Amino acid sequence: MTQARLWTRDFIIVSAVNFLAVTVFYLLVVVIGLYAVNEFQASVSQSGLVVGAFIVGVLAGRLAVGPYVDRIGRKRSILIGLSLAVVACLFYFVKAGIGFLIINRFMHGVAVGISATAAATVVAHLIPASRRGEGVGYFSMSNSLAAAVGPFFGIYLVGHSGFSVILGVCCALSVVTFLVAATLRVPEAEPAPESVTPAKRFSLSRLLEPKVIPICSVIFLCALGFSSVMSFLSAFALERDLTEAASFFFLVYAITVLVSRPVTGRLLDSRGANIIMYPGFVFFALGLALVGMSTSATPLLAAAGLI
């Protein structure tokens with residue numbers, strides 16, 4: 001029996017679009033706090049707001065566009081989000097104060113939330129049902145690769161160029177992402193009957209399944225620790241003269257993720273989740289502690305592997 005084809009032209013394109021869009025996110029997230037401090041004399045708490053506003057925007061964009069992707073059109077939703085991302089990247093050059101930067105970060109997050117939600121919808125319809133798990137796994141690897149490439153270039157550029165160059169690179173990547181997405185041939189669908197009826201009254205239960213709250217809480221706490229590393233690693237590296245080593249931090253992190261994923265997948269299938277999760281928490285805690293104690297390249301990169 002012939003296996004359904006997974007690596008189609010449009011599956012590759014939408015994966016590339018996701019990779020480029022997430023790369024811009026990771027590139028900016030490791031330098032934007034430092035940018036806020038250097039360009040606007042922001043305090044540590046204000047630079048944290050600059051970083052966090054993007055994430056809030058992503059959440060808002062996802063919640064806003066999620067129910068309407070099919071009504072708007074899948075490809076059109078992607079292009080709307082990516083075009084807004086281009087505008088947001090251009091607005092980074094406008095130096096109108098820390099408040100404007102925070103607002104722009106929020107709007108950039110909304111743009112990414114819209115495009116990411118639409119891209120996930122598209123890829124779900126491009127993957128053959130018989131290869132759904134495999135296809136989602138390969139698509140998600142675009143996030144892992146972007147988690148290495150974006151911070152690598154971000155921290156490298158911090159040490160070798162000015163912020164105007166970094167922002168210019170982000171603008172160029174955003175334009176390329178839009179142009180690549182424009183070549184997509186997306187399977188559109190007629191809106192389901194419930195999506196064309198008047199919207200029901202808002203309720204939290206329509207957005208959140210109570211059964212996922214425990215695991216979401218675990219993920220939230222882990223992400224809280226990791227986001228602090230992402231947001232402040234560049235400033236930390238400059239303080240301790242570890243800029244070159246820090247540029248490889250997320251590369252080591254991503255390689256370890258990619259190498260360990262097949263092993264943890266087999267363990268999950270054969271022995272359940274706990275044998276992965278509990279050691280994972282220990283490694284994660286050790287990695288965070290090692291980052292804080294690092295004064296040379298070796299412990300810093302070892303921390304990346306543990307995390």
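Computed from a predicted model, the values in this text were never measured in an experiment.
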Please confirm whether the backbone N or O of Ala88 pairs with a side-chain atom of Asn104, one donor and one acceptor, at under 3.5 Å? yes
Linking I/L/V/M/F/W/Y whenever any side-chain heavy atoms sit under 4.5 Å apart, do Phe91 and Val24 land together? no
What distance do Leu20 atom CG and Ser15 atom OG have between them, rounded to the nearest 0.5 Å? 11.0 Å
Can you find a heavy atom in the side chain of Met107 that is under 4.5 Å from one in the side chain of Leu84? no
Mind checking whether Thr117 and Ser77 have side chains closer than 4.5 Å, heavy atoms only? no
Go through it in stages, so that I can follow the logic: the residues are Leu82 and Val17, the test is side-chain contact (heavy atoms from CB on, under 4.5 Å), and I'd like the CA-CA distance, side-chain angles, deciding distance and then a yes or no. CA-CA 10 Å; Leu82 294 177; Val17 166; 4.0 Å; yes
Would you indicate whether the side-chain heavy atoms of Val218 and Phe281 approach each other to under 4.5 Å? yes
Would a single hydrophobic cluster contain both Phe283 and Met277, if residues Ile, Leu, Val, Met, Phe, Trp and Tyr are joined by side-chain heavy-atom contacts under 4.5 Å? no
Any donor-acceptor pair under 3.5 Å from Arg74 side chain to Val122 backbone: no
Could you tell me which non-hydrogen atom of Ala118 sits nearest to which non-hydrogen atom of Ile78, and how far apart they are? CB-CG1, 3.4 Å
CA sep, side-chain torsions, deciding dist, call: Leu101, Phe40, side-chain contact (heavy atoms from CB on, under 4.5 Å): CA-CA 9 Å; Leu101 180 62; Phe40 302 102; 3.8 Å; yes
Just by modelled atom types, is the Leu179 backbone N or O under 3.5 Å from a matching donor or acceptor in the Thr183 side chain? no
Let me see the working for Ile215 and Ile219 under side-chain contact (heavy atoms from CB on, under 4.5 Å), right down to the final yes or no. CA-CA 6 Å; Ile215 189 63; Ile219 295 170; 4.2 Å; yes
Group every Ile, Leu, Val, Met, Phe, Trp and Tyr by side-chain heavy-atom contacts under 4.5 Å, then state whether Leu28 and Phe163 land in the same group. yes
From CD (Glu39) to OG (Ser164), nearest 0.5 Å: 8.5 Å
Spell out, as yes or no, whether a donor-acceptor pair under 3.5 Å connects the side chain of Lys75 to the backbone of Ala182. yes
Hey, would you say the Phe249 and Phe236 ring centroids sit under 6.0 Å apart? no
Kindly give the heavy-atom pair with the smallest separation between Ala60 and Val110, and that separation in Å. CB-CG2, 4.4 Å
Does one hydrophobic cluster hold both Ile166 and Phe93, with members joined at side-chain heavy-atom distances below 4.5 Å? yes
Kindly compute the distance separating CZ (Phe152) from CG (Leu157), expressed to the nearest 0.5 Å. 9.5 Å
Shared hydrophobic cluster for Val31 and Phe226 (ILVMFWY, side-chain gaps under 4.5 Å): yes
How far apart are the closest heavy atoms of Gly81 and Ala111, and which atoms are they? O-CB, 3.3 Å
Is Phe25 close to His108 at the side-chain level, that is, under 4.5 Å between some pair of heavy atoms? no
Shortest non-hydrogen contact between Leu79 and Phe178, atoms and distance: O-CE1, 3.6 Å
Heavy atoms from other residues, nucleotides or ligands near CG of Asp241 exceed 12 (cutoff 6.0 Å): no
Phe54/Phe106 under ring-ring contact (aromatic ring centres under 6.0 Å, His included): CA gap, chis, key distance, verdict: CA-CA 5 Å; Phe54 186 97; Phe106 174 80; 9.8 Å; no
Tightest non-hydrogen contact, residues Val22 and Ala146, listed as CG1-CB, 3.6 Å
Side-chain heavy atoms of Leu290 within contact of Ile307, under 4.5 Å: no
Are the side chains of Leu184 and Val14 in touch, meaning some heavy atoms are under 4.5 Å apart? yes
The reported gap from CG in Asn18 to OG1 in Thr177 (rounded to nearest 0.5 angstrom) is 10.0 Å
Min side-chain heavy-atom separation Ile98-Ile102 under 4.5 Å: yes
Just verifying a value: how many Å separate Leu126 CG and Arg9 CZ, rounded to the nearest 0.5 Å? 10.5 Å
Provide the closest heavy-atom pair for Arg185 versus Asp10 in the form atom of the first, atom of the second, distance. N-OD1, 2.8 Å
In the structure I gave you, are the side-chain heavy atoms of Leu238 and Leu34 within less than 4.5 Å of one another anywhere? yes
Under 30°, 30 to 60°, or over 60°: which ring-plane class applies to Phe11 and Trp7, parallel, tilted or perpendicular? perpendicular
Can you tell me how far CG of Asn143 sits from CZ of Phe19, rounded to the nearest 0.5 angstrom? 10.5 Å
Do the side chain of Tyr35 and the main chain of Tyr92 share a donor and acceptor less than 3.5 angstrom apart? yes
